[in-house]
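Each residue takes its place number in the sequence, starting with 1. These numbers come from the heavy atoms of this one structure, side chains and all, not from hydrogens, waters or symmetry mates.
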Amino acid sequence: MMREARIQPGNNNRLLDQWRAKIGQETGDTTQPTFSGRFIARYDNFLDKNLMLKVYKDAKEARSFDAFADNRLEYLAHKKEMKYYPNFLDSSPHKDRYNVPVLGAFCSGEMLAPVIAFDRSCKLADEDQVRAYLEEKNVTESVADFTCSSLEKMAQLGNWSDQRVPFHSSILKYTLNSDFPEISHLGWHYDWTSLSMTTVVSPCEQENGTYSGGEMSFAERAQETFFSRLYSKFFYTPSYIPETVKTYSYPESGCFFFENLWSEHKVNKMSLVAGESCERVLFTLFANPNLEQLMSFLSRNSDKNLVTKDGL
């Protein structure tokens with residue numbers, strides 16, 4: 001059995017305190033943009049396009065995806081609004097959507113994240129164990145392949161050689177049709193883990209319809225006061241600095257990597273623009289490296305940092 005780490009809402013605040021202590025950064029109750037430590041990167045043509053298409057097809061087929069979803073009855077109800085995040089983060093009335101965990105689970109106010117071991121080459125140290133874990137969760141072969149590949153790609157970027165890192169991942173599927181031709185009002189938030197990777201595996205043009213939109217917006221997270229930090233230990237309290245908002249389209253066969261200590265993000269409006277229906281399928285990998293592992297990832301990929309390139 002794989003060991004699982006327990007991640008709570010205050011996880012990033014604790015890591016941020018460690019970061020500040022290490023670099024000697026003083027804290028202050030200010031909402032002025034600082035840009036210190038922020039990281040957002042977009043990697044084009046980074047992922048296997050054919051494998052992404054297989055994941056999309058598996059998610060599109062109701063039978064296979066429902067079997068996958070029904071295995072997670074702790075917090076997922078068949079064809080009802082997903083409660084993976086607190087409801088106030090998503091004010092959309094859209095009901096026909098799924099958010100299914102691939103690695104780990106989310107229950108009782110905690111995110112459970114299996115601890116993944118990597119070898120000297122940043123490959124999975126025990127791939128058979130990881131695949132056995134995924135098989136227990138009714139994960140399809142394509143999703144298992146994509147998950148394992150994504151884990152190794154992130155480890156290689158972070159140079160996590162001979163190290164262990166907790167990971168959680170999920171697949172989110174939105175269905176756009178005549179009843180729900182538009183999904184909007186998706187709220188600003190930051191993930192509970194310190195580092196995230198996200199990609200859209202579904203093509204915009206599909207057999208029964210075409211959709212547009214769904215870009216990612218990023219902004220600097222407003223620094224918190226003593227009382228807001230105390231409140232955030234128990235409740236989700238996203239807040240961002242409006243003048244730092246920047247929006248990017250998802251790259252083709254690529255993904256975004258971003259930290260959640262200084263940044264917040266949201267998905268923009270998506271719409272059915274032609275045809276009868278289509279699905280937008282999103283794969284997200286949430287990593288919770290320790291301070292040294294996070295610093296290694298950010299420094300080794302600093303040349304890709306859109307915060308520096310675009311002057312965010």
Side-chain angles (χ1 to χ4, degrees), residues 42-69 72 76 78-79 81-82 84-85 90 92 94-103 134 137-150 153 168-186 191 196-217 247-258 265-286:
R42 190 175 77 169
Y43 279 76
D44 299 334
N45 300 310
F46 184 69
L47 305 171
D48 186 326
K49 186 175 183 178
N50 292 328
L51 187 53
M52 294 173 71
L53 188 60
K54 290 179 181 179
V55 173
Y56 156 66
K57 289 181 177 178
D58 279 350
K60 183 179 178 181
E61 294 177 5
R63 181 176 299 179
S64 63
F65 202 75
D66 288 351
F68 182 17
R72 305 311 247 155
L76 181 69
H78 179 60
K79 286 194 174 181
E81 184 176 11
M82 182 58 207
Y84 178 72
Y85 291 121
D90 183 359
S92 168
H94 189 72
K95 301 296 181 183
D96 190 14
R97 52 183 296 225
Y98 296 93
N99 192 335
V100 183
V102 178
L103 284 171
L134 294 171
K137 306 298 185 262
N138 289 333
V139 172
T140 64
E141 182 178 358
S142 69
V143 173
D145 290 344
F146 193 69
T147 300
C148 291
S149 174
S150 299
K153 285 181 179 295
H168 179 95
S169 64
S170 66
I171 290 180
L172 174 61
K173 181 177 77 169
Y174 293 96
T175 300
L176 294 159
N177 52 37
S178 57
D179 292 328
F180 295 101
E182 179 180 289
I183 300 175
S184 58
H185 307 296
L186 300 174
D191 300 332
S196 301
M197 176 199 121
T198 181
T199 182
V200 174
V201 299
S202 54
C204 292
E205 295 183 7
Q206 302 174 15
E207 182 179 358
N208 297 318
T210 300
Y211 76 89
S212 66
E215 300 86 355
M216 280 284 282
S217 287
T247 300
Y248 300 96
S249 299
Y250 271 88
E252 184 176 354
S253 303
C255 59
F256 287 108
F257 287 97
F258 53 91
H265 60 278
K266 64 165 291 186
V267 179
N268 287 274
K269 181 178 72 174
M270 60 197 81
S271 305
L272 180 68
V273 295
E276 298 178 355
S277 67
C278 58
E279 287 81 23
R280 184 178 190 268
V281 182
L282 186 76
F283 176 90
T284 304
L285 187 61
F286 306 92

To the nearest 0.5 Å, what is the distance between [atom1] ([X]) and [atom2] ([Y])?
{"X": "T140", "Y": "D58", "atom1": "OG1", "atom2": "CG", "value": "3.5 Å"}
{"X": "S170", "Y": "L282", "atom1": "OG", "atom2": "CG", "value": "7.5 Å"}
{"X": "E215", "Y": "M270", "atom1": "CD", "atom2": "CE", "value": "9.0 Å"}
{"X": "N177", "Y": "S277", "atom1": "CG", "atom2": "OG", "value": "6.5 Å"}
{"X": "S169", "Y": "F286", "atom1": "OG", "atom2": "CZ", "value": "8.0 Å"}
{"X": "D191", "Y": "H168", "atom1": "CG", "atom2": "NE2", "value": "9.5 Å"}

List the atom of [X], the atom of [Y], and the distance in Å for their closest heavy-atom pair.
{"X": "C278", "Y": "L272", "value": "SG-CD1, 3.6 Å"}
{"X": "G213", "Y": "R280", "value": "O-NE, 4.4 Å"}
{"X": "A144", "Y": "V139", "value": "N-CG1, 3.5 Å"}
{"X": "T175", "Y": "I183", "value": "O-CD1, 4.5 Å"}
{"X": "V281", "Y": "A59", "value": "CG1-CB, 3.8 Å"}
{"X": "L186", "Y": "V267", "value": "CB-O, 3.5 Å"}

- Could you go through the side-chain contact (heavy atoms from CB on, under 4.5 Å) check for M197 and T284 one step at a time? CA-CA 6 Å; M197 176 199 121; T284 304; over 6 Å; no
- Message: Between L47 and L51, is the side-chain contact (heavy atoms from CB on, under 4.5 Å) condition met? List the steps.
- Response: CA-CA 8 Å; L47 305 171; L51 187 53; over 6 Å; no
- Any donor-acceptor N/O pair, K266 side chain to M216 backbone, under 3.5 Å: no
- For the side chain of S150 and the backbone of F146, is there at least one donor-acceptor N/O pair under 3.5 Å apart? yes
Run the side-chain donor-acceptor check on residues 249-258: report pairs under 3.5 Å with partners two or more places apart or on a different chain.
residue, atom, partner, partner atom, Å
Y250, OH, T198, OG1, 3.2
E252, OE2, K49, NZ, 3.3

- Got a sec, which pairs hit side chain to side chain donor-acceptor pair (under 3.5 Å) with one end in residues 203-214, sequence neighbours left out? Y56-Q206, S202-Y211
- Task: Begin from the C-alpha positions of I171 and V201 and carry the test side-chain contact (heavy atoms from CB on, under 4.5 Å) through to its verdict.
- Result: CA-CA 10 Å; I171 290 180; V201 299; over 6 Å; no
- Task: Report yes if the side chains of D44 and R42 come closer than 4.5 Å at any heavy-atom pair, otherwise no.
- Result: yes
- Using the ring of F46 (Phe, Tyr or Trp, six-membered ring only), decide whether K153 places NZ or CZ under 6.0 Å from its centre and within 45 degrees of its axis. yes
- Message: I'd like to know whether E276 forms a side-chain contact (heavy atoms from CB on, under 4.5 Å) with S178, so could you lay out the CA-CA distance, the side-chain angles of the two residues, the decisive distance to 0.1 Å, and finally the verdict.
- Response: CA-CA 6 Å; E276 298 178 355; S178 57; over 6 Å; no
